[in-house]
Colleague: 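Sharing a structure here in structure tokens format.
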Amino acid sequence: MLRDQILPDKRPHPRFMVRIAIFHGTYQKQILGGYSVNVSTGGVFIESSRILPKDTDLTVKFKLPNSDNIIVVKAIVAWVNDPSSLKKPSLPPGMGLQFLDLSLDDLHAIRAFLIEGNFKPTW
């Protein structure tokens, strides 16, 4: 317990507050829209009123504002911020998604976008 209070957050991928239109769906049979709240090279937190269960596999599609390429990546629901019991009250209801098979080109594109810091919403 003391370690958690003293040591800084050691997330492997820093998060950036970015608002991007995200499309996600299990097995691409049903596509759900949402918006990111934060993005990293390791995943994305999506604001959503339709919460999928933790460990759900899905496909995520999005386009970075500085690119015409659409990123398509398999992901898993790593955690949920359920409206009935918010795990992180500073975030809206939604899901934290962890990327599973991000290509090296897409990884570099996301990293370049985050470093550039020109976070224009995509709506």
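For clarity, every value in this text was computed on a predicted model and none was experimentally measured.
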Colleague: If we check side-chain contact (heavy atoms from CB on, under 4.5 Å) with Val39, which of these qualifies: Leu64, Ile46, Ile20?
Modeller: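 Among the candidates, only Ile20 passes.
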Colleague: Quick check: closest heavy atoms across Lys61 and Ile70, and the distance to 0.1 Å?
Modeller: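 Smallest heavy-atom distance, with atoms named: CB-CG2, 4.4 Å.
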Colleague: Could you give the distance from CE (Met95) to CD1 (Ile51), rounded to the nearest 0.5 Å?
Modeller: 5.5 Å
Colleague: Can you check whether Val18's main-chain N or O pairs, donor with acceptor, with Ser36's side chain at less than 3.5 Å?
Modeller: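 Checking the backbone N and O of Val18 against the side chain of Ser36, a donor-acceptor pair under 3.5 Å is found.
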Colleague: Excluding sequence neighbours, so at least two apart, what forms side chain to side chain contact (heavy atoms under 4.5 Å, CB included) with Val37?
Modeller: Met17, Arg19, Phe45, Glu47, Leu91, Pro92
Colleague: Determine, using the 4.5 Å side-chain heavy-atom cutoff (strictly less than), whether Ile76 and Val44 are members of one ILVMFWY cluster.
Modeller: no
Colleague: Does Ser84 have any side-chain hydrogen bond (donor to acceptor under 3.5 Å, both in side chains) partners at least two apart in sequence or in another chain, and if so, which?
Modeller: Asp82
Colleague: With a cutoff of under 4.5 Å between side-chain heavy atoms, which Ile, Leu, Val, Met, Phe, Trp and Tyr residues group with Leu86?
Modeller: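 The other cluster members (ILVMFWY side chains, heavy atoms under 4.5 Å, direct or chained): none.
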Colleague: Leu102: what forms a side chain to side chain contact (heavy atoms under 4.5 Å, CB included) with it, not counting sequence neighbours?
Modeller: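 Leu102 satisfies side chain to side chain contact (heavy atoms under 4.5 Å, CB included) with Ile71, Val73, Phe99, Asp106, Leu107, Ile110 only.
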Colleague: At what distance, to the nearest 0.5 angstrom, does CG of Leu100 lie from OG1 of Thr59?
Modeller: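 One finds 9.5 Å between CG of Leu100 and OG1 of Thr59.
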Colleague: Treating Asn81 as the side-chain partner and Gly94 as the backbone partner, does any N or O pair qualify as donor plus acceptor under 3.5 Å?
Modeller: no
Colleague: Any chance you could measure Trp79, atom CH2, to Leu97, atom CG, to the nearest 0.5 Å?
Modeller: 10.5 Å
Colleague: Do the side chain of Ser40 and the main chain of Gly43 share a donor and acceptor less than 3.5 angstrom apart?
Modeller: yes
Colleague: How close do Lys54 and Ala78 get, counting heavy atoms only, and between which atoms?
Modeller: CE-O, 3.0 Å
